[in-house]
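Everything below concerns the one structure shown next.
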Amino acid sequence: MFRRWLKHKEAMAQALNAQTAEKAAQYAAQTERLEQRLRVLERIITDRGMGLAEEIETLRDAPLN
């Protein structure tokens with residue numbers, strides 16, 4: 001009986017670990033997308049010599065990932 005309970009607990013822990021790893025990967029991907037967007041915004045702000053409206057329109061048409 002105890003072994004069965006222990007196996008169940010181990011299976012639950014493995015499932016929780018897998019779920020946690022998946023969420024961490026999702027958060028990492030989201031963070032990367034946000035960092036890319038921030039780099040684009042920083043570039044737009046610092047490169048004011050170029051046509052700002054044209055640059056924004058070009059970036060809108062580009063895929064995020």
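Keep in mind that what you see is a predicted model, and the values were worked out from it rather than measured. All residue numbers in this chain count up from 1 along the given sequence. Atom set for the values below is all heavy atoms of this structure, side chains included, hydrogens, waters and symmetry mates excluded.
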Within the supplied structure, the quantity of interest is the number of heavy atoms (other residues, nucleotides, ligands) at a distance under 6.0 Å from R39 CZ; does it exceed 12?
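More than 12 within 6.0 Å, yes.
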Once you round to the nearest 0.5 Å, how far does CD of E35 lie from CD of E42?
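Nearest 0.5 Å value for the CD-CD distance: 10.0 Å.
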Stepwise side-chain contact (heavy atoms from CB on, under 4.5 Å) check, V40 with Q36:
CA-CA 6 Å; V40 168; Q36 288 176 354; 5.8 Å; no
Carefully, step by step, assess R43 and L38 under the rule side-chain contact (heavy atoms from CB on, under 4.5 Å).
CA-CA 9 Å; R43 195 179 78 216; L38 181 60; over 6 Å; no
Side chains of W5 and K9 in contact at under 4.5 Å (non-hydrogen atoms)
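Touching, per the 4.5 Å side-chain cut-off.
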Using the test side-chain contact (heavy atoms from CB on, under 4.5 Å), find all partners of R4 that sit at least two apart in sequence or belong to another chain.
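Here no residue qualifies.
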Show me, pair by pair, the donor-acceptor contacts under 3.5 angstrom made by side chains of residues 10-30, not counting sequence neighbours?
{"unit_1": "N17", "atom_1": "ND2", "unit_2": "A13", "atom_2": "O", "d": "3.4"}
{"unit_1": "T20", "atom_1": "OG1", "unit_2": "L16", "atom_2": "O", "d": "2.8"}
{"unit_1": "Q30", "atom_1": "OE1", "unit_2": "R33", "atom_2": "NH2", "d": "2.6"}

